[in-house]
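Excluded from the calculations below are hydrogen atoms, water molecules and symmetry mates; all remaining heavy atoms, backbone and side chain alike, are included. Lettering follows sequence order; numbering is per chain, from 1.
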2 protein chains.
Amino acid sequence: MQNALQRFKADIFQALAHPTRIAIVEILREDEVSAGAILERLGVEQANASQHLAVLRARQIVVNRKEGNQVFYSLRSHRLTEVLDIMRLYFEEHLSEVTEMLTEIRLQASPSDVSPEEEQ
Amino acid sequence: MQNALQRFKADIFQALAHPTRIAIVEILREDEVSAGAILERLGVEQANASQHLAVLRARQIVVNRKEGNQVFYSLRSHRLTEVLDIMRLYFEEHLSEVTEMLTEIRLQASPSDVSPEEEQ
DNA sequence: TTCAAATATTCTAAAAATCGAATATACTTA
DNA sequence: TAAGTATATTCGATTTTTAGAATATTTGAA
């Protein structure tokens with residue numbers, strides 16, 4: 001059972017391990033959105049968007065509903081948006097660490113200027 | 001910037017997208033642990049464990065400290081353990097949905113048996 | 001019907017991830 | 001210094017992921 005949980009987590013993370021799929025989940029954060037509208041916002045090839053949606057569907061991260069001509073997607077659970085929110089915090093913390101580090105480097109190197117390649 | 005954040009998230013998820021690496025992060029949840037001890041608990045090849053640790057290091061998910069002969073690993077931030085906790089909830093919710101679904105199927109099909117292909 | 005729109009699937013080539021085997025590096029101790 | 005222990009890296013083969021092109025499927029409308 002222990003392993004099953006780890007495999008499950010790894011599978012979900014794998015499904016989220018692509019910027020386009022992150023973008024899709026974020027598009028679906030609030031409402032249900034049609035495949036066409038998702039495609040439009042992503043700005044990628046239709047087939048490609050559809051493949052990424054298929055990955056998310058396979059892992060049951062998204063759910064879809066057919067209405068006439070269109071297919072509307074939505075998140076199956078909002079747990080994953082919690083996860084994305086934490087990731088944003090993590091990113092921001094990470095960022096501030098990096099900038100703190102750079103500030104320290106600059107202070108050590110003062111008073112003369114920091115060369116361009118040390119910025120980031 | 002929007003895209004940078006999405007790429008960042010995807011990168012972190014990619015780093016976590018393997019059961020062995022999930023296991024490593026969970027081993028490090030509480031304390032700092034030596035590479036050898038991690039290896040022992042994982043039960044994989046030494047080289048393989050080291051490769052997975054390298055992936056986690058590259059993404060700065062873990063941090064290491066050298067002490068004599070050994071290398072001690074720890075989590076750089078505890079945000080990711082929050083993420084793993086949410087994933088456990090998500091898994092449990094997922095599980096109960098599946099079992100509820102199976103129960104419904106059984107109730108609908110009662111009293112006679114369900115034929116194999118009618119199961120999800 | 002026939003056509004067009006929305007979406008999904010299949011195919012193929014290229015890139016990336018994974019594993020174990022072999023090897024390298026860095027310490028420690030004899 | 002030489003040998004041993006702990007850990008990391010490189011290499012080669014295999015598998016998986018990815019993107020775009022082409023094609024298929026489903027549905028609504030003429």
S.K.: If I take atom CZ in residue R59(B) and atom C1' in nucleotide dA16(C), what distance separates them, rounded to the nearest angstrom?
M.R.: 11 Å

S.K.: With nearest nucleotides of DNA chain D determined for V44(A) and E67(A) from heavy-atom distances, which residue corresponds to the more 5′ nucleotide?
M.R.: V44(A)

S.K.: Does K9(A) pair with E26(B) as a salt bridge, N-O distance under 4.0 Å?
M.R.: yes

S.K.: Taking N and O atoms by type only, does the side chain of Q46(B) place a donor or acceptor under 3.5 Å from a partner on the base of dG20(C)?
M.R.: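 A donor-acceptor contact between them is absent.
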
S.K.: Side-chain N or O of H18(B) versus OP1/OP2 of dC19(C): is the shortest distance under 4.0 Å?
M.R.: yes

S.K.: Checking all strands, does A47(A) fall into the base, sugar-phosphate, or nothing category for heavy-atom contacts under 4.0 angstrom?
M.R.: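 Base: the residue A47(A), judged by heavy atoms under 4.0 Å, touches a nucleobase.
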
S.K.: Can you give me the first and the last nucleotide of DNA chain D (5' to 3') that has an atom within less than 4.0 angstrom of a non-hydrogen atom in chain B?
M.R.: dT5(D) to dC11(D)

S.K.: In whole angstrom, what separates Q51(B)'s CD from dA24(C)'s C1'?
M.R.: 14 Å

S.K.: Just how far, in rounded Å, is P of dT7(C) from CD of Q70(A)?
M.R.: 5 Å

S.K.: Among dC27(C), dA8(C), dC19(C), which nucleotide has an atom closest to any side-chain atom of N48(B)?
M.R.: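 Ranking dC27(C), dA8(C), dC19(C) by closest atom to the N48(B) side chain puts dC19(C) first.
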
S.K.: For the atom pair CZ (R57(B)) and CD (Q51(B)), what is the distance rounded to the nearest 0.5 Å?
M.R.: 11.0 Å

S.K.: Can you tell me how far CD1 of I61(B) sits from CG of L53(B), rounded to the nearest 0.5 angstrom?
M.R.: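 That separation rounds to 11.5 Å.
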
S.K.: Does dA6(C) have its OP1 or OP2 closer than 4.0 Å to a side-chain nitrogen or oxygen of Y73(A)?
M.R.: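 So the side chain of Y73(A) is outside the cut-off, no N or O lying under 4.0 Å from OP1 or OP2 of dA6(C).
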
S.K.: Let me know the distance between CG of L53(A) and P of dT9(C), rounded to the nearest Å.
M.R.: 10 Å

S.K.: Distance check needed: dC3(C) P versus N69(A) CG, whole Å only.
M.R.: 17 Å

S.K.: Contact class for Q14(B) vs. all strands (heavy atom < 4.0 Å): base, sugar-phosphate, or nothing?
M.R.: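 Counting heavy atoms under 4.0 Å across all strands, the contact made by Q14(B) is with sugar-phosphate only.
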
S.K.: What nucleotide among dA26(C), dT18(C), dA8(C) has an atom nearest to a side-chain atom of R21(B)?
M.R.: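 When the side chain of R21(B) is considered, dT18(C) is the closest of dA26(C), dT18(C), dA8(C).
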
S.K.: Once you round it to whole Å, what is the distance between P of dA17(C) and CZ of F13(B)?
M.R.: 17 Å

S.K.: Which atom pair, heavy atoms only, marks the closest approach of H94(A) to F8(B)?
M.R.: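 Heavy atoms only, the tightest pair is CD2-CE1, 4.0 Å.
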
S.K.: May I have the step-by-step check of side-chain contact (heavy atoms from CB on, under 4.5 Å) for R21(A) and L16(A), ending in yes or no?
M.R.: CA-CA 6 Å; R21(A) 294 197 291 268; L16(A) 296 175; 5.6 Å; no

S.K.: To the nearest 0.5 Å, how far apart are CG in L89(A) and CD in E82(B)?
M.R.: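 Answer rounded to 0.5 Å: 7.5 Å.
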
S.K.: I need the I86(B) CD1 to I12(A) CD1 distance, nearest 0.5 Å.
M.R.: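 Rounded to the nearest 0.5 Å, the CD1-CD1 separation comes out at 13.5 Å.
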
S.K.: Assuming nearest nucleotide by heavy-atom distance, tell me which of E45(A) and G68(A) is located more 5' along DNA chain D.
M.R.: E45(A)

S.K.: Could you state the atom-to-atom distance from CD1 of I24(A) to P of dT7(C) in whole Å?
M.R.: 13 Å

S.K.: Taking atom C1' of dC27(C) as reference, at what distance in whole Å does atom CZ of F72(B) sit?
M.R.: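 Whole-Å distance recorded here is 13 Å.
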
